[in-house]
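These notes concern the structure reproduced below.
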Amino acid sequence: MYDNVLLPTDGSVGVDRATDHAIDAADRYDATLHVLYVVDSDVINAYSGDEFVDGAEGAEETLEEAGREALDAAAERARNAGVETATALRYGVPHEEILRYVDEEDVDLTVMGSKTRSGDYRRMLGSVTERVSRQSTGPVSIVKTTVEP
């Protein structure tokens, strides 16, 4: 049923349960698990820089490092479960890059984590998961995790 399962990750608490679900789906259907991290261009562009900070310690490098760590952690969990894994680090607007990846890699199922928070907080920030679930042409499984305020 599924040949390619996508797990977009930001390395946060809400992704742990989604990682388990994505690994289980990939294992169950003998699919490849694609793990994707998007370096958010809006965050990089908002960073004004600091002349006292070495270039290797800027926002882009910090996000890249966090992304590589998140990718490595999820891929290691998948490999330990015997699941074939591919990782990708992209740059751009997260929901747009996720949707682009879905199309480019013929993803059959996207598994995303979502943090359950209070209504006011959620409305104020929006959600990458919500945007992907609304705009994706394929199935999106949302795995919720309660996060304390």
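- Annotation for Pro94 and Val128: closest pair CB-CG2, 4.0 Å, computed over non-hydrogen atoms.
- No side-chain heavy atom of Glu76 sits less than 4.5 Å from a side-chain heavy atom of Asp72.
- A pairwise comparison of heavy atoms in Leu33 and Ala78 identifies CD2-CB, 3.7 Å as the closest pair.
- Taking all atoms of both residues into account, the shortest heavy-atom contact from Gln135 to Leu99 is OE1-CD1, 3.4 Å.
- Between the side chains of Glu64 and Tyr91, at least one donor N or O sits under 3.5 Å from an acceptor N or O.
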**Message:** Would Leu6 and Val102 count as a side-chain contact (heavy atoms from CB on, under 4.5 Å) here? Give the steps.
**Reply:** CA-CA 8 Å; Leu6 174 61; Val102 165; 3.7 Å; yes
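- The closest side-chain heavy-atom distance from Leu89 to Arg68 is below 4.5 Å.
- Proximity of a side-chain donor or acceptor of Ser133 to a complementary backbone N or O of Glu130 within less than 3.5 Å is detected.
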**Test salt bridge (charged side-chain N to carboxylate O under 4.0 Å, His left out) applied to Glu104 and Arg90, step by step** = CA-CA 13 Å; Glu104 291 173 0; Arg90 298 237 176 140; 2.7 Å; yes
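- For Asp20, the side-chain hydrogen bond (donor to acceptor under 3.5 Å, both in side chains) partners at least two apart in sequence or on another chain are Arg77.
- Rounding to the nearest 0.5 Å places CD1 of Ile98 at 9.0 Å from NE2 of His95.
- Within the 4.5 Å cutoff, side-chain heavy atoms of Tyr37 are placed close to those of Leu63.
- Distance check: Tyr29 OH to Leu109 CG gives 8.5 Å after rounding to the nearest 0.5 Å.
- In this structure, Val35 and Ala74 approach most closely via the heavy-atom pair CG1-CB, 3.8 Å.
- Between the Arg79 side chain and the Thr85 main chain, no donor and acceptor come within less than 3.5 Å of each other.
- Counting only residues at least two apart or in different chains, ring-ring contact (aromatic ring centres under 6.0 Å, His included) contacts with residues 61-90 are absent.
- Distance check, rounded to the nearest 0.5 Å: OG of Ser141 to CG of Leu7 gives 10.5 Å.
- Here OG of Ser127 is found 7.0 Å from CE of Met112. Values are rounded to the nearest 0.5 Å.
- A donor-acceptor contact shorter than 3.5 Å links the side chain of Thr129 to the backbone of Gly113.
- Considering every non-hydrogen atom in both Ala81 and Ile23, the closest pair reads CB-CG2, 3.7 Å.
- Between the side chain of Asp40 and the backbone N or O of Val93, no donor-acceptor pair lies under 3.5 Å.
- Side-chain atoms of Asp108 come within 3.5 Å of backbone atoms of Asn4 as a donor-acceptor pair (strictly under, hydrogens ignored).
- Looking at Leu36 and Thr9, their side chains never come closer than 4.5 Å, going by heavy atoms from C-beta outward.
- With values rounded to the nearest 0.5 angstrom, Asp106 atom CG is found 11.0 Å from Tyr101 atom OH.
- By the 4.5 Å heavy-atom criterion applied to side chains, Thr110 and Pro8 are counted as neighbours.
- Proximity of His34 to Val5: side-chain heavy atoms (C-beta onward) are nowhere separated by under 4.5 Å.
- A salt bridge links Arg100 to Glu97: at least one charged side-chain nitrogen sits closer than 4.0 Å to a carboxylate oxygen.
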